[in-house]
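Just so it is clear: chains get the letters A, B, ... in the order the sequence lines come, proteins before strands, and each one is counted from 1.
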Number of protein chains: 2
Amino acid sequence: MTSQTPDIRPKACETCPIRERAVCSHCSGSELEELDQFKYYRTYEAGQPIIFAGDKLEFVGSIVKGVATLTQTMEDGRRQMTGLLLPSDFVGRPGREIALYDVTATTEVVMCCFRIKPFEALLAKTPHLSQRLLEMTLDELDAAREWLLLLGRKTAREKIASLLKFIAKREFGQTVNVLELDICFDLPLTREAMADYLGLTLETVSRQISALKREGIITLKKNRSVTVPDVEKLFRETGDDHAA
Amino acid sequence: MTSQTPDIRPKACETCPIRERAVCSHCSGSELEELDQFKYYRTYEAGQPIIFAGDKLEFVGSIVKGVATLTQTMEDGRRQMTGLLLPSDFVGRPGREIALYDVTATTEVVMCCFRIKPFEALLAKTPHLSQRLLEMTLDELDAAREWLLLLGRKTAREKIASLLKFIAKREFGQTVNVLELDICFDLPLTREAMADYLGLTLETVSRQISALKREGIITLKKNRSVTVPDVEKLFRETGDDHAA
DNA sequence: CGTGCGCTTGATCGGGTTCAAAACGTGTGG
DNA sequence: CCACACGTTTTGAACCCGATCAAGCGCACG
């Protein structure tokens, strides 16, 4: 009952909230029509799996709304998030038969899905599509490299601050730096999911958040909604170069 | 004196050792000729910088021979390797003006360079090129995700074993699994570079290598040349699923 | 023969994990 | 409306793995 969304297809692209940034953003009207031939929308509830590692990949697609994660799990249960997927992010890998990672909705998620085979075919003959996918993949690779630095070299406190910065940047764009006013946003992740993102335990995440709260760098309501009175001060805790 | 290689350009592609795997591997003869218009070879000595983070990107290109690393450095000197570049790997990011990371030769390196502007122009109009680059970038992203798991969740011992496995796989292909015989290869990295790769200190790297040696899982000559008597046994130390 | 660099080894320290329990919130049913 | 149960988060105490600080070794090179 939760997996099939009422038909919002006709002309959906025109009002699509991710029209400007998704994999299809460079596509012309006729190319969008071609995509529409094998496109469908689908909704997932918070906590629901979207793809299981090892499963045959039936579709690729874009996150339209909500937050999903990509995680790897070791045999003994150790888990590491390897992707945090937000609206406009692309899910799935053209050219791959079998999914390598688990994809899970952490909030309610709406996806714009494309059946994989026809998508691959269109990709091969549509530079607007493949070039955009290349751009997005290169961006993701850069993000992954920042993430490697975070996991390899940052302290627990720096990791937490970096995650908050990431979420704030994604929410408010690059303008966050200049904003004098207080910044507020909701954490789309549980403490455990944050731990999986940061390569920590949930206890350490909780302790570090408490520490930042105690020091007045953040305040939080209901454990999930964060207020940052002084963005500069938070960013100084990330360990990053003061430019970015 | 080390940066300019005697002219090996004419017909170089025909005997190029990375012809099958580089970014140009799908290109036709005429496309190769176009590439040749703005191509040049260049050699770097072990230890030499290839690109500095923050510099203007003058070229992109392929590693033809040798090993290079991509590293990020924090203000206080903490360093994390975020790419280990082997022959056929692509260096540089089309569409970016300024380099984000340091690229350094760790052995003698021969690069096949393309001036960036004409390369970008050719990329835009040559699907053979952009599709291959997309493939390679997707592969790199997968590799980065494995790396995230390594940095976030693996123990020091598992990290070392994983690195050895990575080098062995890259050297011998996927066939390593079945091979009964002893496997030998040289470490192209110093202990310090390994530490930068693995998010450890060089002391810990040294200790863990000594431990593997003590237990007979590896033997080494002259600190750099590794022999693995039982590949299975080494791979069991990586923490990975026994399939991969 | 000395100097320097890469590597190893030892002793100690500390940040983050682990194990355990309590506190908090949220929803449920009496 | 309260009592209760369950999932999430916080807090506490002890431990441990890897970092840090400090020698010392081995080998290449001038």
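- One atom, CD1 of I160(A), and another, P of dG16(C), lie 10 Å apart when rounded to the nearest Å.
- Taking a 6.0 Å sphere around CD of E215(B), one finds it holds more than 12 heavy atoms contributed by other residues, nucleotides or ligands.
- Closest non-hydrogen pair, R145(A) versus Q72(B), comes out as O-OE1, 2.9 Å.
- Nucleotide dC17(D) holds its C1' atom 15 Å from the CZ atom of R153(B), rounded to whole Å.
- Applying the 4.0 Å criterion to OP1 and OP2 of dT8(D), one finds that K222(A) has every side-chain N and O outside that range.
- A distance-only check finds a donor-acceptor pair linking the side chain of D89(A) to the backbone of L86(A) [under 3.5 Å].
- Of the two residues near DNA chain C, K154(A) and N223(A), the one whose nearest nucleotide lies more 5' is K154(A).
- Of the listed residues (L84(A), T82(A), I50(A)), just one forms a side-chain contact (heavy atoms from CB on, under 4.5 Å) with T69(A), and that residue is L84(A).
- Backbone-only contact: T190(A) has heavy atoms under 4.0 Å from sugar-phosphate atoms and none from a base.
- Within residues 193-203 of chain B, the residues approached by DNA chain C to less than 4.0 Å at the level of any non-hydrogen atom are L202(B), E203(B), in residue-number order.
- Proximity of residues 206-214 of chain A to DNA chain D (heavy atom under 4.0 angstrom from any strand atom) is restricted to S206(A), R207(A), S210(A).
- When heavy atoms are screened at a 4.0 angstrom cut-off, R224(B) is found touching the sugar-phosphate backbone but no base atom.
- Of the residues listed (K169(A), K165(A), R153(A)), the one engaging D240(A) in a salt bridge (Lys or Arg N to Asp or Glu O under 4.0 Å) is K165(A), and it is the only one.
- Checking the phosphate oxygens (OP1, OP2) of dC17(D), no side-chain nitrogen or oxygen of R157(B) falls inside 4.0 Å.
- Applying the side-chain contact (heavy atoms from CB on, under 4.5 Å) test between M194(B) and each of T204(B), L202(B), L187(B) identifies L187(B) as the sole match.
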